[in-house]
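Working notes, beginning with the structure itself.
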Protein chains: 2
Amino acid sequence: MNAPRRRSDAAENRARIIETARTVIANSDELRLNAIAKQAGVGQGTLYRHFPTRDDLLAEVYRNDVEQLVAAAPAFLAEHEPLKALACWFNRVADYARIKRGVFAAVETAVWRDLSAHSLGPIGDAVTMLLAAGKADGTIRADVDARDVILLIGYLSRLDETEWDTRARHLLSIVLDGLRRRE
Amino acid sequence: MNAPRRRSDAAENRARIIETARTVIANSDELRLNAIAKQAGVGQGTLYRHFPTRDDLLAEVYRNDVEQLVAAAPAFLAEHEPLKALACWFNRVADYARIKRGVFAAVETAVWRDLSAHSLGPIGDAVTMLLAAGKADGTIRADVDARDVILLIGYLSRLDETEWDTRARHLLSIVLDGLRRRE
DNA sequence: ACCTGAACACCGTTCAAGT
DNA sequence: ACCTGAACACCGTTCAAGT
C-alpha cells in the first residue's frame, strides 16, 4: 500500500517540488508550474509525473494546514458549546485564509472534488461534526449541511488584503447568525 | 459627450462584437477573445480598440441585465416591507445568476472596480438603498453595507448547475437571516 | 523506473502596415 | 480615424530520447 520503491531520487524530487511550491506561494500567491519545475531543478515532465493535476500539488502543499484545521474541530467541541465551537473554528479558518490565501481555495476544491466521490473530504467531515453538535443542541438550524457552510464562507478567498480587517470576521459573525435556529 | 464621428463601420463593428460575445456566452459560458473577434469578422486589434479590457466587454454584454436588476430595487421597496423587498431582490438576482452565469461575475467585478473609485456602482447603490430602508425600519442590522451583501451572495457564481435547485434560494434565506437585526 | 527539456497547443495582447 | 492579422509573449502539457 505504501513504501514505494526506487525512492532515492524520486522521493527527493517530489519533496523538493512541494517545498519550492510552498515557498513560491508564500511569497507571491501565484503558481506557474513551469517556473516551479525549473526552480526545483527538475524537468516539467517530472512535476507532472508526481502531480498529474494542479490540485494534486496544491493539496500536498496545504496538507498540513488542512489537517490542523480538521483536528481543531473536535478540540473546540470539547471545550465549548457547539455554537461557540463553530465560531472558534470559523476564526481559525479566517486565520489560515489570511496568511495563506491558497489554503481556502485548496479546501474548496478538495471538498468539491470529494463531493462527487460521495464523501465530503476531511474538511467537510469537520464541518458536519460541528453542525451536528449544534443541531442536537438546538442552537443551529436543522436544514444546513457542510456544503452550505463552505459556500457561505467562500468569500474569504475573494477578500482583498485591504478590507480583511473590516470584513473577514464581521461577515463570519453574520453567517453564524444565519445558521442559528430562529427563535 | 456622445454622438461619436465616423461611426458607420466602427459602430457596426462594436455592435457585432457585443452581439457575438453575448451569443457565445449564452451557449458556452467561455469567452475567448480571439474567437470572438474572428466570429464577429473583425481583427483582434479592433476588439481591443473598442474594449481595452475583458471587463469592458462583459460590462457591455450585461449592461441591460444589470440595469434591470438595479431598477427592481425601488420597485420592490414600493410594494413590500424592506426585509421582504430585499428577499424579493435576492430572488431576482438568483434568477439572473442561474440563466446567465456571467451576470453575477460581471456584477461583482463592476462593483469591485467602482469601489476603488469611491463609488459603489449601480448595483451597489441598489443594495445600499434596500439596506437603508431595512435599517430605518429596524429589521436589518445596522452594521452591514452593500459590499458585505455582495460578498455573501457571491457563492451564486460558484454554484454548480446540479446543486442550484437545492442550494441557491436556501442559502439566500440563510444570508437574509444573518442580516436581520437580532432579537 | 525515472528524468529531461524541446516542442506543441492555446490565448491574450501588441503594433506595423494598410485603407 | 479605423481596421487587419502576423507576430510576440506566456503557460500549461506532452512525449521521444536519454539514464
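Letters A, B, ... are given to chains in the order of the sequence lines, protein chains preceding strands, and every chain is numbered from 1. Worth saying up front: this structure is predicted, and the values here are computed from it rather than measured.
Residue Leu47(A) is out of contact with every strand shown, counting any heavy-atom pair closer than 4.0 Å. Residue-level contact check: Ile36(B) touches neither bases nor backbone, having no heavy atom under 4.0 Å from any strand.
For His50(A), a side-chain nitrogen or oxygen approaches OP1 or OP2 of dC3(C) to under 4.0 Å.
Whole-Å rounding puts the Leu31(A) CG to dC11(D) C1' distance at 12 Å. Going from atom CD of Glu12(B) over to atom C1' of dT4(D) covers 17 Å, rounded to whole Å. The interatomic distance linking Arg32(A) (CZ) with dA9(D) (C1') rounds to 12 Å, in whole Å. Leu33(A) has its CG atom 9 Å from the C1' atom of dC11(D), to the nearest Å. Protein atom CZ of Arg16(A) is 13 Å distant from nucleotide atom C1' of dC2(C), rounded to whole Å. Separating the CD atom of Gln39(A) from the P atom of dT4(C) is a distance of 15 Å, rounded to the nearest angstrom. Distance, Arg49(A) CZ to dG5(C) P: 16 Å, rounded to whole Å. Following rounding to the nearest Å, Lys38(A) (NZ) and dT4(C) (P) show an atom-to-atom distance of 13 Å.
Residues passing the side chain to side chain donor-acceptor pair (under 3.5 Å) test with Thr139(A) are Asp137(A), sequence neighbours excluded. Judged as a side chain to side chain donor-acceptor pair (under 3.5 Å), and not counting sequence neighbours, the contacts of Glu161(A) are Arg98(A), Arg101(A).
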Enumerate, atom names and distances included, each donor-acceptor pair closer than 3.5 Å involving a side-chain atom of residues 19-26 of chain A, sequence neighbours excluded.
from	atom 1	to	atom 2	distance (Å)
Thr20(A)	OG1	Arg16(A)	O	2.7
Arg22(A)	NH1	Val61(A)	O	2.8
Thr23(A)	OG1	Glu19(A)	O	2.9

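For Arg167(B) (side chain) and Arg147(A) (main-chain N/O), no donor-acceptor pair under 3.5 Å exists by modelled atom type. Proximity of a side-chain donor or acceptor of Asp160(A) to a complementary backbone N or O of Glu163(A) within less than 3.5 Å is not detected.
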One character per nucleotide, please: for nucleotides 14-19 of chain C, 5' to 3', B when the base has a protein heavy atom closer than 4.0 Å, S when only the sugar-phosphate does, - otherwise. BB----
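Here the nucleotide nearest the side chain of Ala10(B), chosen from dG12(D), dC3(D), dT4(C), is dC3(D).
Side-chain polar atoms of His50(A) and Asn13(A) form no donor-acceptor pair below 3.5 angstrom. Neither side chain, Asp125(A) nor Thr128(A), offers a donor N or O lying under 3.5 Å from an acceptor on the other.
Listed by first and then second residue, the salt bridge (Lys or Arg N to Asp or Glu O under 4.0 Å) pairs that reach into residues 69-86 of chain A come to none, sequence neighbours excluded.
Comparing Arg14(B) and Asn34(B) by the nucleotide of DNA chain D whose heavy atom lies nearest to each, the residue mapping closer to the 5' end is Arg14(B).
With pairs defined as Watson-Crick or G-U wobble and both atom distances under 3.5 Å, the stems of at least three pairs that touch DNA chain C come out as C:4-8 with D:12-16, C:12-16 with D:4-8.
The 12-atom threshold is exceeded at CZ of Arg169(A), counting heavy atoms of other residues, nucleotides or ligands nearer than 6.0 Å.
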